[in-house]
Amino acid sequence: GITPLACVQHAPVVTVEEMMEVTAGLTGGRAKNLFLKDKKGNFYLVSALHDTDTTTKKIETHYGIKSGTLRLVADADILMGYLGVVKGQVSPFCAVNDCGCKVKVVLDAHFQSFDALCFHPLDNAATMSVSTSDMLKFLQACGHEPDFFDFGEPLGAESQAFKDAPIPAAAAAQAAGSAREERLAKLSGPPAPVPAEALLSVPLSSLQDNGVEFYVQPGTAVWVADG
């Protein structure tokens with residue numbers, strides 16, 4: 001399941017540069033996240049290392065999109081309607097709100113060489129470090145098998161430093177302890193019911209069919225507990 005290695009709260013940030021200024025102590029690669037739309041009305045949630053060249057022309061070529069027609073989504077209503085967030089909060093975790101799987105999730109191929117990555121948990125007033133494998137498990141549980149895209153750029157110096165930095169022993173131990181506590185809690189019975197209005201939109205039936213329990217409450221981290 002997903003157990004954040006660490007999570008920090010901070011003033012709301014909008015850009016990855018602002019995020020990096022307030023998350024110096026977190027382990028994992030820093031990512032920039034783009035929500036794009038082509039002229040045919042197809043949507044793409046692109047997440048890549050912060051120092052990767054994410055020129056849209058590369059994505060257009062790869063997916064056969066007419067040159068110059070892939071644009072950032074600026075409409076706040078569309079952003080909220082498809083991903084359930086506002087500007088500055090986009091991350092792969094937004095896939096939980098794309099219940100109809102209308103958005104293609106595209107991830108930087110370099111992510112696969114990182115043990116951990118840092119994202120906002122649907123709230124740009126917090127950033128959490130999660131293991132890459134847990135993030136992928138989350139996407140798959142939401143019905144989004146991500147595309148890994150090679151942007152053709154070597155790993156930048158800053159990202160290389162984040163990649164080489166070991167996960168602190170304390171964080172690893174805390175994560176393991178939290179996982180044990182979750183398992184014990186499950187053995188003692190189901191969690192207390194959460195009011196429907198407090199839950200984000202999520203296809204619970206499809207997740208439960210795959211043996212996954214999923215809980216999200218506003219202002220909290222996102223996690224998946226294996227059944």
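Atoms considered below: every heavy atom in the structure, side chains included; atoms not considered: hydrogens, waters and symmetry mates.
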T132 side, atom OG1; L117 side, atom CG - distance, nearest 0.5 Å: 3.5 Å
With H62 via side-chain hydrogen bond (donor to acceptor under 3.5 Å, both in side chains) - residues at least two apart: none
Euclidean distance, E145 CD relative to L139 CG, rounded to 0.5 Å: 8.5 Å
Non-hydrogen side-chain atoms of L34 and L72 separated by less than 4.5 Å: yes
Reference residue C118; test side-chain contact (heavy atoms from CB on, under 4.5 Å); the match among V130, T127, V16: T127
Minimum side-chain heavy-atom gap F149-K58 below 4.5 Å: yes
Full working for side chain to side chain contact (heavy atoms under 4.5 Å, CB included) between L49 and R30: CA-CA 6 Å; L49 293 172; R30 273 47 169 184; over 6 Å; no
Test item: S113 and K163 side chains (from C-beta on) under 4.5 Å apart, heavy atoms: yes
Beyond-backbone contact of V85 with L122, side-chain heavy atoms, under 4.5 angstrom: yes
T23: which of E18, M128, H10 passes side-chain contact (heavy atoms from CB on, under 4.5 Å): H10
Heavy-atom side-chain proximity of L70 to I59 below 4.5 angstrom: yes
Nearest non-hydrogen partners of I78 and V73, listed with the distance: CG2-CG1, 3.8 Å
Selection residues 68-96 - residue pairs positive for salt bridge (Lys or Arg N to Asp or Glu O under 4.0 Å), sequence neighbours left out: none
Atom of P92, atom of F138 and distance for their closest heavy-atom approach: O-CE2, 4.1 Å
Any side-chain heavy-atom pair of L45 and K104 under 4.5 Å: no
Distance in Å, T55 OG1 paired with E60 CD, rounded so as to fall on 0.5 Å steps: 10.0 Å
Transitive ILVMFWY side-chain link V106 to M135, under 4.5 Å: no
F35/Y44 aromatic ring centres below 6.0 Å: no
Test side chain to side chain contact (heavy atoms under 4.5 Å, CB included) applied to N33 and F119, step by step: CA-CA 9 Å; N33 302 279; F119 301 104; 4.0 Å; yes
Ring centre gap for Y82 and F43 strictly below 6.0 Å: yes
Donor-acceptor under 3.5 Å (S129 side chain, T27 main chain): yes
Residue pair A48 / T54: nearest heavy atoms and the distance that separates them: CB-CG2, 3.6 Å
Rounded distance (nearest 0.5 Å) linking atom OG1 of T15 with atom CD of E17: 4.5 Å
Backbone of L83 reached by a side-chain donor or acceptor of N97 within 3.5 Å: yes
Interatomic spacing from OG1 in T52 to CG in L155 - rounded to 0.5 Å: 7.5 Å
Heavy-atom closest pair, residues C7 and L26: N-CD2, 4.4 Å
Pairwise distance CG(D150) to CD(Q112) - rounded to 0.5 angstrom: 9.5 Å
Residue pair F114, F162: steps toward the ring-ring contact (aromatic ring centres under 6.0 Å, His included) verdict: CA-CA 8 Å; F114 279 71; F162 286 130; 8.1 Å; no
Min side-chain heavy-atom separation P146-L136 under 4.5 Å: yes
Short side-chain to backbone donor-acceptor contact, N124 and V13, under 3.5 Å: yes
Short side-chain donor-acceptor distance under 3.5 Å, Y63 and D38: no
Contact summary for A95 and C142, nearest pair of heavy atoms: O-CB, 4.3 Å
Main-chain N/O of H120 paired with S91 side-chain donor or acceptor, under 3.5 Å: yes
Cluster overlap F111 with V46, hydrophobic side-chain contacts below 4.5 Å: no
Expected output: side-chain D98 to main-chain V103 donor-acceptor under 3.5 Å: yes
Side chain to side chain contact (heavy atoms under 4.5 Å, CB included) between H110 and S159, worked out: CA-CA 10 Å; H110 283 306; S159 284; over 6 Å; no
Check: E158 and M20 side chains under 4.5 Å, non-hydrogen atoms: yes
